[in-house]
Amino acid sequence: MPLIEFTEAGLYCRAGGFYIDPWKPVDRAIITHAHSDHARYGSRWYLCHHLTLPLLRLRLGDIVAESIGWNEPLKIGDVTIRLHPAGHIIGSSQIRIEYKDEVWVFSGDYKTEDDGISGAFEPVKCHTFITESTFGLPLYRWQPQAALYQSIVDWTVATVADGLTPVITGYSLGKAQRILDCLSKTGLPVFVHGAIWNIQQALLSAGIPQPDVKRVQPDLPASTYKGAVIVAPPGADGSTWMRRFSPYRTANCSGWMQVRGNVRRRNADAGFALSDHADWQGLLSAVKATGAEQVYVTHGFQSAFSRYLTELGIAAAEVKTAYGTEEEEEAATTTEGDAA
């Protein structure tokens with residue numbers, strides 16, 4: 001029997017009696033990070049990293065939850081659990097499971113370039129590795145973060161110089177924190193959507209430093225936003241909420257901006273391929289660094305990526321999960337804050 005089973009409720013470790021990132025309510029859930037496709041309401045008990053806990057409580061409300069640090073061993077029955085940095089968003093973790101000298105690692109979502117705020121991805125040696133494949137095609141190759149940040153800064157400053165308000169969109173949890181880190185280099189005042197404000201306050205309450213921002217308020221005059229930058233979740237674009245910033249330009253930050261045409265389809269003026277997931281080379285390097293004898297590939301381009309790993313001589317198979325539902329995360333981030 002495999003150490004982790006792929007069930008209708010999620011990834012299940014029978015030896016420990018717990019699930020990892022279950023998509024249905026269970027008794028015991030270990031959570032890699034607080035995005036809505038990996039952290040769902042209804043389970044009786046949750047375990048996550050210390051930095052994920054305030055975000056989990058913000059999103060799931062009154063839950064029974066505990067937290068541990070990275071590389072801090074926890075015994076559940078005869079199974080030893082350790083969390084290791086995934087580099088995806090603040091607090092995101094890979095889950096290492098050891099039982100009778102067998103080691104499995106579930107990556108959750110991850111990226112291999114250190115963004116300076118999410119914790120540097122840590123390759124973990126294992127017998128079996130379960131990896132995402134969100135951008136598991138060769139065309140997805142990210143620019144170094146420093147170069148991408150400079151492009152965002154240049155676009156923002158130029159937009160303000162043209163007398164327009166720059167509105168930059170990205171998911172409120174993860175992407176927004178990187179955008180705000182980037183924008184701190186402009187010296188411009190920054191206003192954020194309520195969903196992003198709530199995330200910032202949760203992080204500040206947990207003692208995690210954040211850039212100085214202000215919340216967009218419905219009673220503030222439109223002139224307040226002149227010469228400032230607005231950061232919002234993607235779902236706010238095109239809504240009545242945006243009218244107060246007119247005239248404005250929009251930019252979308254997403255790995256999908258790597259593909260020509262996606263900027264136009266998003267009705268954005270600009271697009272930046274800023275992703276919280278590993279690109280093609282990052283995925284390959286992460287898999288190889290584990291030394292795993294068996295690899296299971298989850299959400300994304302799992303068929304293409306698992307086939308390529310097989311061609312490299314790595315035993316790989318694709319599995320179906322309920323992860324990678326970006327529409328669900330976008331809906332959550334928009335409804336968490338300002339509605340109008």
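For clarity, every value in this text was computed on a predicted model and none was experimentally measured. As a basis for the values below, the full set of heavy atoms in this structure was taken, side chains included, without hydrogen atoms, waters or symmetry mates.
- When atom types are taken as modelled, the side chain of Lys226 and the backbone of Leu164 share no donor-acceptor pair closer than 3.5 angstrom.
- Closest heavy-atom contact between Cys253 and Ile168: SG-CG2, 3.7 Å.
- One hydrophobic cluster holds both Val160 and Trp155 under the rule that ILVMFWY side chains link at heavy-atom gaps under 4.5 Å.
- You'll find the side chain of Leu55 reaches within 4.5 Å of the side chain of Ile199, heavy atoms only.
- Screening Thr298, Thr32, Thr321 for a side chain to side chain donor-acceptor pair (under 3.5 Å) involving Asp21 leaves a single residue, Thr32.
- Sorted by first and then second residue, the ring-ring contact (aromatic ring centres under 6.0 Å, His included) pairs involving residues 195-222 (not counting sequence neighbours) form an empty list.
- Other residues sharing the hydrophobic cluster of Val26, ordered by chain and number and joined by side-chain separations under 4.5 Å: Tyr12, Tyr19.
- Glu66 and Trp45 are linked by a side-chain donor-acceptor pair at a separation below 3.5 angstrom, with hydrogens and angles left out of the test.
- Between atom CD1 of residue Ile95 and atom CG of residue Leu11 there is a gap of 10.5 Å, rounded to the nearest 0.5 Å.
- The backbone N or O of Arg141 sits nowhere less than 3.5 Å from a side-chain atom of Gln281 that would complete a donor-acceptor pair.
- Hydrophobic clustering (side-chain heavy atoms under 4.5 Å, transitive across Ile, Leu, Val, Met, Phe, Trp, Tyr) groups Trp104 together with Ile76.
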Practice item. Output, in order, the C-alpha distance, side-chain angles, deciding distance and verdict of side-chain hydrogen bond (donor to acceptor under 3.5 Å, both in side chains) for Thr134 and Glu132. Key: CA-CA 6 Å; Thr134 304; Glu132 62 138 313; 2.6 Å; yes
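- Of all the heavy atoms in Thr165 and Tyr248, the pair that sits closest is O-CB, 3.0 Å.
- Side-chain atoms of Gln302 come within 3.5 Å of backbone N or O of Gly300 as a donor-acceptor pair.
- Every pair tested for salt bridge (charged side-chain N to carboxylate O under 4.0 Å, His left out) that includes a residue from residues 277-302 fails, sequence neighbours excluded, so the list is empty.
- In this structure, the side chain of Ser285 engages the main chain of Gly282 through a donor-acceptor pair within 3.5 Å.
- Looking at residues two or more places apart in sequence or on another chain, you find a ring-ring contact (aromatic ring centres under 6.0 Å, His included) between Tyr308 and Trp280.
- Applying the salt bridge (charged side-chain N to carboxylate O under 4.0 Å, His left out) test to residues at least two apart or on different chains, the pairs with a partner in residues 150-167 are Asp162-Arg249.
- Contacts of Asp276 classified as side-chain hydrogen bond (donor to acceptor under 3.5 Å, both in side chains), with partners at least two apart in sequence or in another chain: Arg178.
- Under the rule for a side-chain hydrogen bond (donor to acceptor under 3.5 Å, both in side chains), the partners of His88 that lie at least two apart in sequence or sit in another chain are His35.
- The structure places CG of Leu283 at 10.0 Å from CG of Leu137, a figure rounded to the nearest 0.5 Å.
- Listed by chain and residue number, Tyr323 satisfy the ring-ring contact (aromatic ring centres under 6.0 Å, His included) test with Trp23 (two or more places apart in sequence, or in another chain).
- Taking the side-chain hydrogen bond (donor to acceptor under 3.5 Å, both in side chains) definition, one finds that His127 meets it with nothing, sequence neighbours left out.
- Contact detail for Ala316 and Ser306: the closest heavy-atom pair is CB-O, 3.6 Å.
- At least one side-chain heavy atom of Val287 sits less than 4.5 Å from a side-chain heavy atom of Ile314.
- Across all their heavy atoms, Pro166 and Thr156 have their closest contact at CG-CG2, 3.9 Å.
- Within the structure, the ring-ring contact (aromatic ring centres under 6.0 Å, His included) test picks out the following pairs touching residues 46-68 (sequence neighbours left out): His49-Trp70.
- Minimum heavy-atom separation, Ile230 to Trp241: CG2-CH2, 3.9 Å.
- Taking NE2 of His299 as the reference point, atom NE2 of His38 lies at 4.0 Å (rounded to 0.5 Å).
- Partners of Tyr296 by side-chain hydrogen bond (donor to acceptor under 3.5 Å, both in side chains), not counting sequence neighbours: none found.
- By the rule that hydrophobic residues join a cluster once side-chain heavy atoms approach within less than 4.5 Å of another member, Val190 and Ile196 end up as members of one cluster.
- Partners of Phe121 according to the ring-ring contact (aromatic ring centres under 6.0 Å, His included) rule, which considers only residues two or more places apart in sequence or in another chain, are Tyr110.
- Under the 4.5 Å side-chain criterion, counting only non-hydrogen atoms from C-beta, Thr224 is not in contact with Lys214.
- To the nearest 0.5 Å, atom CG of residue Leu180 and atom NZ of residue Lys175 are 13.0 Å apart.
- In terms of heavy atoms, Ala273 sits closest to Gln258 at CB-OE1, 3.5 Å.
- No side-chain donor-acceptor contact under 3.5 Å links Gln145 and Glu113.
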